[in-house]
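Everything on this sheet refers to the single structure shown next.
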Amino acid sequence: MPHKTFALFIMPAVVAMLLFIALPIVSVVVQSLFVEHEQVMVEVENCGPFGCSTQLRVDTEATAEIRDERPLGRFAGITNYINRNHLAFDQVREIWSTSDGLGEIWSRMMNLPFYKALAFTLVYCFLVTPFAMMLGFAIALGVNTLPRLAKGPAIFVSILPMIITPLIGSLILFWMFNPQGILGASLQVITGDPTLSLRASPVLTWIVLIIYGIWTNGPFSFVVFYAGLQTVPGDTLESAMIDGASRWERVRYVIIPHLAPLATFVALVQLMDNFRVFEPIVGFSAEANATSLSWLVYNDLIGQDSQQFGSAAATSVMTILGVVILLIPVLIRTWRDFNRKAV
Amino acid sequence: MTTAIGRMPTGLRWVTGLLLAIWFIAAAFPFVWTLWGSFKVEADFFSRVSWWNAITGDRTLMQTGERFTLDGYEGAWITREFWRAALNTVIVTLSVTFISLFVGTLGGYALARSGQRYAFWILIAALVFRAMPHITLVSGYMLPFFELNIWGILPTTIIVLVAINQPFTLWMLHSFFLGIPKDLDESAMVDGCTRFQAFRMVIIPVMWPGVITTGLFSFLLGYNDFAVTSMLLSQDNLTMVPKIASFLGTIQSEGNVMFAVASVVSATVPLFILVLFFQRQIVSGLTAGAVKG
């Protein structure tokens, strides 16, 4: 295809991606180096019956003017990155030197918003991904044994948790885990603890969020593995049977190796996607006990009068760095695939 | 395959059946429960006494005179004007789907037929773009959009969602077009068609299966989005998902959680219908992406 024709065909897609994905990334990097203007203060003299006193007041007009003139704010260098709300170097250094025991370090680090979010994001990412894959694999093996007529409805029911809007799915589970909902109330009865609730217990919040993650991510692995199962060569299975392999051994030595390449693909994609975890935090109103990096950005942006663009941008840049680290294996894989095809 | 492996022993069959049954309940019960509860009053669905009330609906009977009530739906759709959000969702998702398909088909076709090195680099860039968390992109939009005075309106959100959707659409359609033999459009060009004529007359008639599958995923992305729509739309223009989120804050204090429950059920229904009719395409789309990488 001549270069010119190619350019014409691809133009709209590339322009859209440059304008609304590449440019915003640049904009985020720039914004992260600025902070909002301080309010302009003026000295006002108040004279009353008992003499005059000077007071400091906010000059709203001048503040608005300066904000209009330079909407980015004032240049701050890397202070956005190292202040208390982000990497918090000073605080971390102090915690290291004054705490004794890992427990104390952990609990004090959890008071720093960035590390609190990072901890949950990583735990969520690295627990949900493998468990969701195991669940998906188990469902795929199970559904594969069903009679032909039952498979359609089985697949229908199984993919519902994945198709559902993340915010809506988490709200539905949140209401059930509410102390006045069916699961929350039952949990209180089972544990014999009438005060147990998502709001009161950080541990329960983490567990429920991770269960939600497995519930909603499992079906993707199921669909991929189920399709993979249909391509397992029947001959190999048969000869394994003739050689006396048990059912478990056939799964272990024939099916799992056959699905391994698919599994790496699923794992890489899911790790990347789970790193962005955001909606469940909003849906479960979990911010007191668990936050994520994406949620931190959201939280900075929803401030009604004082949106903290600089702070949101700094967190965004660090989130993007995290995604890029998780992305490298995917890129290497794609690169290899392409070169193999070219040869 | 079942014939080759033979019959399962009865014990294993029971265990498999039991585990599957547990999974099906876990997957479907939350939806059934919420649907059922949306026709009750708050004192039943969030009962302080026992969740059994949600099944019998005693309080609903006391408060409304019947065991099922449409109060939640009436409150959400009429009093709180959820229909407006539903209308916005229809506009946003349909526009996003059609525009992304239009832009993506052209681009995906070019990428599949180019064979040049730069086509590969565009695909790699798309892969990187696809991985970007949406909320971080949003934090890049807010300030420029405020300055340009285009924040809060539907067209901005539609274009942003189309752009965010492009990487996925390009990949999917690119691999789909690779499966259509090159000879098809090349022979048309030998017969004197230009590239665009060949695309219009030869490729468009055979591309619908791939386009429909891709379209379903574009639809889902637009429909399920929360990060972009909640941050880029003004209060009047909100679509259903951010509208439900904004309900929560105001509603809980007024004791009208059932409005939110009713609107959650309302927003779930279209998804169920979609899966019901397009299950095969959704499954094949997910697998195509996975198998081809």
Side-chain angles (χ1 to χ4, degrees), chain A residues 1 5-6 9-10 12-13 16-17 20-21 24-25 27-28 31 71 139 142 145 155-161 163-168 171-173 176 178 180-182 185 223-224 227 234 237-238 262 265 272 276 278-279 282 294 297-298 301 309 312-313 316 319-320 323 327 334 337-338, chain B residues 1 4-5 8 16 19-20 23-24 26-28 30-31 33-34 46-48 51 103-104 106-107 109-110 113-114 120 124 127-129 131-133 135-137 139-144 147 160 162-163 166-167 170 195 224 226-227 231 241 245 264 267-268 271 275 279 283 286-287 290 293:
Chain A
M1 186 185 268
T5 333
F6 178 81
F9 270 92
I10 196 87
M17 289 196 295
F20 293 105
I21 305 180
I25 296 176
S27 146
V28 160
Q31 281 182 46
I139 305 168
T145 63
I155 295 174
F156 173 79
V157 171
S158 298
I159 61 178
L160 290 179
I163 295 296
I164 188 76
T165 313
L167 184 80
I168 290 182
L171 273 177
I172 288 178
L173 288 200
M176 292 174 79
N178 190 298
Q180 280 127 41
I182 177 167
V223 169
V224 174
L237 274 180
E238 235 170 286
L262 273 186
F265 164 80
M272 235 159 55
R276 312 194 276 197
F278 163 52
E279 282 100 335
V282 179
S294 293
V297 179
Y298 170 78
L301 291 178
F309 293 116
S316 295
T319 312
I320 290 175
V323 168
L327 190 65
T334 318
D337 278 0
F338 182 79
Chain B
M1 200 170 123
I5 293 179
M8 289 168 77
T16 318
L19 291 178
L20 270 182
W23 162 249
F24 292 145
F31 301 108
W33 177 255
T34 310
F46 295 100
S47 173
R48 285 170 203 281
W51 52 265
V103 174
L106 292 175
Y109 174 72
R113 289 294 185 262
S114 161
F120 168 73
I124 286 282
L127 198 64
V128 176
F129 289 159
M132 290 302 136
I135 192 79
T136 64
L137 297 178
S139 77
Y141 301 139
M142 301 275 284
L143 202 52
E147 292 302 308
V160 164
V162 166
Q166 263 325 289
L170 280 181
R195 178 58 87 166
N224 286 345
F226 173 67
M231 303 303 309
V241 177
V264 154
T268 314
L271 289 174
V275 182
Q279 181 179 333
V283 169
L286 285 175
T287 10

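Chain letters run A, B, ... following the sequence lines, proteins first, then strands; residues in each count from 1.
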Part of [X] within contact of chain B (heavy atom distance under 4.5 Å):
{"X": "A/Leu160", "answer": "both"}
{"X": "A/Val223", "answer": "both"}
{"X": "A/Val323", "answer": "side chain"}
{"X": "A/Ile139", "answer": "both"}
{"X": "A/Ile164", "answer": "both"}
{"X": "A/Ile159", "answer": "side chain"}
{"X": "A/Phe156", "answer": "both"}
{"X": "A/Leu167", "answer": "side chain"}

At their closest point, which heavy atom of [X] faces which heavy atom of [Y], and how far apart are they?
{"X": "B/Phe24", "Y": "A/Val157", "answer": "O-CG1, 3.8 Å"}
{"X": "B/Ala163", "Y": "A/Ala16", "answer": "CB-O, 3.5 Å"}
{"X": "A/Met272", "Y": "B/Ala131", "answer": "CE-CB, 3.8 Å"}

Parallel, tilted or perpendicular for B/Tyr141 and A/Phe20, by the 30°/60° rule?
perpendicular
Shorter than 4.5 Å, heavy atoms on both sides: which option in [options] has the most such pairs with chain A?
{"options": "B/Ala267, B/Ser114, B/Pro144, B/Ala28", "value": "B/Ser114"}
{"options": "B/Ala245, B/Ser139, B/Pro167", "value": "B/Ser139"}
{"options": "B/Ala227, B/Ser47, B/Gly104", "value": "B/Ser47"}
{"options": "B/Leu143, B/Ile124, B/Val160", "value": "B/Leu143"}

Kindly determine whether A/Tyr298 and B/Met231 satisfy side chain to side chain contact (heavy atoms under 4.5 Å, CB included), including the steps that lead there.
CA-CA 8 Å; A/Tyr298 170 78; B/Met231 303 303 309; 3.6 Å; yes
Mind checking the CZ-OG1 spacing from B/Phe120 to A/Thr334? Nearest 0.5 Å is all I need.
7.0 Å
Supply the atom-to-atom distance A/Leu171 CG to B/Thr34 OG1, rounded to the nearest 0.5 angstrom.
9.5 Å
Is any side-chain heavy atom of [X] closer than 4.5 Å to a side-chain heavy atom of [Y]?
{"X": "B/Val241", "Y": "A/Glu279", "answer": "no"}
{"X": "B/Arg113", "Y": "A/Phe9", "answer": "no"}
{"X": "A/Ile155", "Y": "B/Val283", "answer": "yes"}
{"X": "B/Leu137", "Y": "A/Ile25", "answer": "yes"}
{"X": "A/Ser158", "Y": "B/Trp23", "answer": "yes"}

Chain B interface, residue from A/Val297, A/Ile163, A/Thr5, A/Leu327 that has the most non-hydrogen pairs under 4.5 Å:
A/Ile163
Between A/Gly181, A/Gly142, A/Ala185, the one whose heavy-atom pairs under 4.5 Å with chain B are most numerous
A/Gly142
Short side-chain to backbone donor-acceptor contact, [X] and [Y], under 3.5 Å:
{"X": "B/Asn224", "Y": "A/Ile168", "value": "no"}
{"X": "A/Ser294", "Y": "B/Ile135", "value": "no"}
{"X": "B/Arg48", "Y": "A/Gln180", "value": "no"}

